[in-house]
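So the structure is just underneath, and the comments pick up after that.
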Amino acid sequence: MAANDPQAPSIPGSSAESPAGWDPVWEKVFSSQAWGKYPGEDLIRFVARNFYKAPDRKAVRILEVGSGPGANLWFVAREGFSAYGIEGSATAVAQSIKRLDDEVGGWSGKIVQGDFNRLPFADAEFDAVIDIEAIYCNAFENSRRIIAGIRRVLKPRGLFYSRTFAQGCMGDGTGEPVGHHAWKVAEGPLLGKGYSRFSDADDIERLYGEGFTIEELELNSRTVGGHRSGHHVIEWSVTARKV
């Protein structure tokens, strides 16, 4: 049952009126699959470019939605910033807290189990919010509501960094269609991971352009299985500023 189905099992922060933003399939994934321990270069570049010169790094509060086992928050905390996360999987939350406790003594912040459809944080609380391929698991209109919630918790002029799968990515157009540009895919890295939405340029503008200024937009592609395979993982990277 997809998380976007109003009849999906409830988790903290979800309700029948607000379809869940987290699919229980991810609990199985995090419980059974080893996950990356380090952030991508793009995220490191985003944090470094915008916050390395802060006079008091601990005063910089960075939230990750769909924080998984904590690779990105580990980096945020290790660099001295206050690291906050919200994640639906109890397994992933426990993994991330343990890693930060073990490897980043005295880290500042909080990681909570919940649904990022309803962020349990105050208005204008964060300097930045990051999404590394978590929002894409949600239907288009639900994603718009999630991003509106992210805007609410950002400080004035706060930054939102999001990486999301693009149309043409391996798996797009395969399997069962389940919504606008969305599939339960039959192949590729998203196989068995529930609802997968693939954005085109118009989707990006509609999702990230409302209440934000898009400051940087990249479309990145890598080939899987050799250059003759025809299989590509294609991702948008979006940096947007709250207006």
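FYI, the numbering just counts along the sequence from 1. No hydrogens, no waters, no symmetry mates; every other heavy atom, side chains included, goes into these values.
By the 4.5 Å heavy-atom criterion applied to side chains, V238 and E216 are not counted as neighbours. Inter-residue side-chain proximity for M170 and E187 is flagged as met; some heavy-atom pair is nearer than 4.5 Å. Looking only at side-chain heavy atoms (C-beta outward), E218 and E235 stay at 4.5 Å or farther from each other.
Of all heavy-atom pairs spanning S143 and R197, the tightest one is OG-NH2, 2.8 Å. A71 and Y38 make their closest contact through CB-N, 3.7 Å (heavy atoms, listed as atom of the first residue, atom of the second, distance). Considering every non-hydrogen atom in both I86 and P120, the closest pair reads CD1-CD, 3.5 Å. Nearest heavy atoms, S199 versus I204: CB-CD1, 3.9 Å. The two residues I214 and G209 have their closest heavy-atom pair at CD1-N, 4.3 Å. Of all heavy-atom pairs spanning A83 and W107, the tightest one is O-CZ3, 3.7 Å.
Note on F121: it clusters hydrophobically with I135, by side-chain heavy-atom contacts below 4.5 Å among ILVMFWY residues. In this structure, V104 is a member of the same hydrophobic cluster as I97, with clusters built from ILVMFWY side-chain heavy atoms closer than 4.5 Å. I150 and L43 are not part of a single hydrophobic cluster, where members link through side-chain heavy atoms under 4.5 Å apart. Under the 4.5 Å side-chain heavy-atom criterion for grouping Ile, Leu, Val, Met, Phe, Trp and Tyr, I62 is connected to I111 within one hydrophobic cluster. Linking Ile, Leu, Val, Met, Phe, Trp and Tyr whenever their side-chain heavy atoms come within less than 4.5 Å leaves I132 and F165 in two separate clusters.
By the side chain to side chain contact (heavy atoms under 4.5 Å, CB included) test, Y52 pairs with V47, A48, R57, F75, E79, F81, sequence neighbours left out. Residues forming a side chain to side chain donor-acceptor pair (under 3.5 Å) with R241 (at least two apart in sequence, or on another chain): E215. By the side chain to side chain contact (heavy atoms under 4.5 Å, CB included) test, A166 pairs with L219, I234, W236, sequence neighbours left out. Judged as a side chain to side chain contact (heavy atoms under 4.5 Å, CB included), and not counting sequence neighbours, the contacts of D42 are R45, Y161, R163, S237.
L119 CG to L63 CG: the interatomic distance, rounded to the nearest 0.5 Å, is 6.5 Å. Y136 OH to C169 SG: the interatomic distance, rounded to the nearest 0.5 Å, is 9.0 Å. The line from CG of D200 to CD of Q167 is 4.5 Å long, rounded to the nearest 0.5 Å. Interatomic distance, S89 OG to Q95 CD, rounded to the nearest 0.5 Å: 7.0 Å.
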Does the pair V243 and F212 meet the rule for a side chain to side chain contact (heavy atoms under 4.5 Å, CB included), with working shown?
-> CA-CA 5 Å; V243 296; F212 291 91; 5.6 Å; no
Apply side chain to side chain contact (heavy atoms under 4.5 Å, CB included) to the pair R206 and R144, showing each step before the final yes or no.
-> CA-CA 8 Å; R206 291 171 64 196; R144 292 182 71 181; 4.1 Å; yes
Side chain to side chain contact (heavy atoms under 4.5 Å, CB included) between L159 and F51: does it pass, once the steps are laid out?
-> CA-CA 11 Å; L159 288 167; F51 300 109; 4.2 Å; yes
Before giving the answer on side chain to side chain contact (heavy atoms under 4.5 Å, CB included), spell out for E125 and K155 the whole-Å C-alpha distance, their side-chain angles and the decisive distance to 0.1 Å.
-> CA-CA 6 Å; E125 186 169 349; K155 295 177 181 178; over 6 Å; no
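Ion pair R61/D127 not flagged as a salt bridge, since none of the NZ, NE, NH1 or NH2 atoms sits closer than 4.0 Å to an Asp/Glu carboxylate oxygen. Residues R151 and E210 are not paired through a salt bridge, judged by the lack of any N-O separation under 4.0 Å between the basic side chain and the carboxylate.
Results of the side chain to side chain contact (heavy atoms under 4.5 Å, CB included) test with V65 over I130, D131, V153 single out D131 as the only residue that passes. Under the side chain to side chain contact (heavy atoms under 4.5 Å, CB included) rule, Y195 has a single partner from V178, N142, N138, V185, which is V178. Test Y208, F126, F46 against F160 for ring pair (Phe, Tyr, Trp, His ring centres under 6.0 Å) and you get one pass: Y208.
Side-chain N/O atoms of E64 and N72 include a donor and acceptor closer than 3.5 Å.
For the ring pair (Phe, Tyr, Trp, His ring centres under 6.0 Å) condition, the pairs that include at least one residue of residues 169-189, sequence neighbours left out, are F140-H180. Residue pairs meeting the salt bridge (Lys or Arg N to Asp or Glu O under 4.0 Å) criterion with at least one partner in residues 104-114, sequence neighbours excluded, are absent.
Side chain of K184 to main chain of G194: no donor-acceptor pair is present (N/O by atom type, distance under 3.5 Å, no hydrogens or angles). Remark: side-chain polar atoms of E87 are paired, donor with acceptor, to backbone N or O of G68 under 3.5 angstrom. No donor-acceptor pair under 3.5 Å is formed between the side chain of R152 and the backbone N or O of I147.
For K98, the NZ atom sits in a loose shell: 12 or fewer heavy atoms of surrounding residues, nucleotides or ligands are nearer than 6.0 Å.
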